[in-house]
Amino acid sequence: MSKYIKLIIFILILLIISAAVLFIDSSVDNMNKLMPEISDGIVNGDSDYNEAVNLVNDKNYDESMNKAVSAGNNYNGSLEKLHLLQDNFTSDVNQVHKDYINSAISELELKIQAVDKLKDAIDCFEVNYNYTGTEYAYEANDFMDQSLEYRDARDSLVSKNPNLFKENFII
């Protein structure tokens, strides 16, 4: 065999080994790696959202809007990562993990709607459209209340299946 054929065979073997290593990195491993970041985004988003509401109540609309935007950014970042996980599910992901991810996605979608309504409320309060602003604020609160149902569903999945969840997996 010539040196070039041996080199080509060696390169092909390296490519095959590299591909195998990529497939060994399972979806569950990817979930375990991303969950701390996702969790941080949700926790920070919740904190920013609550601060935004308190600032609205204090009529500090500029800072409230900043906190609402930050909450939305945190929620959206976590949602993007969850969609990435969902789009790359492989056969090693069981139905409980899928349900957990889907519940987290639904929760975040509602929280993002709440943030949008809160921003609308802030805009209204700034120009003294208090009735409309209050309506938007109630809608934001309703979305947040609905999101709690999905959080509770996730918590229930964890409590019923503790062996399937590592500590760093849980949001």
Side-chain angles (χ1 to χ4, degrees), residues 27-28 30-89 93-162 164-171:
S27 291
V28 174
N30 286 332
M31 283 189 272
N32 286 329
K33 289 176 189 172
L34 283 177
M35 277 305 166
E37 293 175 41
I38 293 168
S39 179
D40 288 347
I42 293 172
V43 168
N44 292 335
D46 289 345
S47 176
D48 288 341
Y49 183 87
N50 291 332
E51 286 182 50
V53 169
N54 290 333
L55 289 163
V56 166
N57 291 333
D58 292 339
K59 299 183 183 341
N60 186 345
Y61 302 124
D62 289 337
E63 191 59 31
S64 178
M65 184 61 81
N66 290 337
K67 287 294 182 180
V69 168
S70 180
N73 290 340
N74 279 303
Y75 291 148
N76 278 309
S78 290
L79 184 61
E80 287 174 22
K81 289 176 178 88
L82 285 166
H83 278 301
L84 179 67
L85 289 175
Q86 186 182 48
D87 292 344
N88 293 306
F89 280 159
V93 178
N94 64 45
Q95 191 60 45
V96 173
H97 285 133
K98 288 179 183 178
D99 291 345
Y100 186 91
I101 297 298
N102 291 334
S103 291
I105 287 170
S106 296
E107 176 186 349
L108 282 169
E109 288 171 344
L110 287 165
K111 286 182 176 191
I112 290 167
Q113 289 178 335
V115 168
D116 291 341
K117 291 298 179 184
L118 180 61
K119 288 192 243 179
D120 290 340
I122 294 166
D123 287 338
C124 289
F125 289 138
E126 280 186 311
V127 293
N128 292 317
Y129 290 157
N130 294 334
Y131 179 81
T132 306
T134 301
E135 290 298 313
Y136 284 132
Y138 282 131
E139 289 179 40
N141 191 50
D142 287 343
F143 283 125
M144 274 300 187
D145 286 344
Q146 291 173 42
S147 77
L148 296 176
E149 294 173 25
Y150 291 100
R151 186 199 64 199
D152 292 345
R154 286 188 300 102
D155 291 345
S156 176
L157 286 170
V158 172
S159 67
K160 291 177 182 174
N161 304 283
L164 294 177
F165 294 93
K166 291 183 177 179
E167 188 172 320
N168 64 338
F169 186 90
I170 302 166
I171 298 174

S106 (side chain) donor-acceptor with N102 (main chain) under 3.5 angstrom: yes
Full working for side chain to side chain contact (heavy atoms under 4.5 Å, CB included) between Y49 and M144: CA-CA 10 Å; Y49 183 87; M144 274 300 187; 3.5 Å; yes
Shortest non-hydrogen contact from L157 toward V96: CD1-O, 4.0 Å
Atom pair CG/CG of L118 and D123 - distance to nearest 0.5 Å: 10.0 Å
Nearest-0.5 Å distance, CG of residue N73 to CD1 of residue I112: 10.0 Å
Exam field: side chain S147 to backbone E107, donor-acceptor pair closer than 3.5 Å: no
Heavy-atom pair with the smallest gap, counting every atom of A121 and A137: CB-N, 3.8 Å
Residues forming a side-chain hydrogen bond (donor to acceptor under 3.5 Å, both in side chains) with D46, sequence neighbours excluded: Y75, K111
Worked verdict on E63 versus N54 for side chain to side chain contact (heavy atoms under 4.5 Å, CB included): CA-CA 10 Å; E63 191 59 31; N54 290 333; over 6 Å; no
More than 12 heavy atoms from other groups under 6.0 Å of CZ on F143: yes
Within 6.0 angstrom of F125 CZ, more than 12 heavy atoms from elsewhere: yes
S156 side-chain N/O to D152 backbone N/O, donor-acceptor pair under 3.5 Å: no
Steps toward side chain to side chain contact (heavy atoms under 4.5 Å, CB included) verdict (R154, V158): CA-CA 6 Å; R154 286 188 300 102; V158 172; 5.7 Å; no
Rounded distance [0.5 Å steps], CG in N94 versus CG in N161: 8.0 Å
Polar side-chain atom of T134 near backbone of N130 as donor-acceptor pair, under 3.5 Å: yes
Atom of V115, atom of A71 and distance for their closest heavy-atom approach: CG2-CB, 4.1 Å
Closest contact, heavy atoms only, S78 versus I38: OG-O, 2.9 Å
Heavy-atom pair with the smallest gap, counting every atom of L82 and A104: CD1-CB, 3.7 Å
Rounded distance [0.5 Å steps], OG in S64 versus CD1 in I122: 3.0 Å
Short side-chain to backbone donor-acceptor contact, S39 and P36, under 3.5 Å: no
Test item: side-chain donor near acceptor, Q146 and D142, under 3.5 Å: no
Atom pair CG (N60) and NZ (K67), whose distance is rounded to the nearest 0.5 Å: 11.0 Å
Gap separating the CG atom of L34 from the CD atom of E80, nearest 0.5 angstrom: 12.0 Å
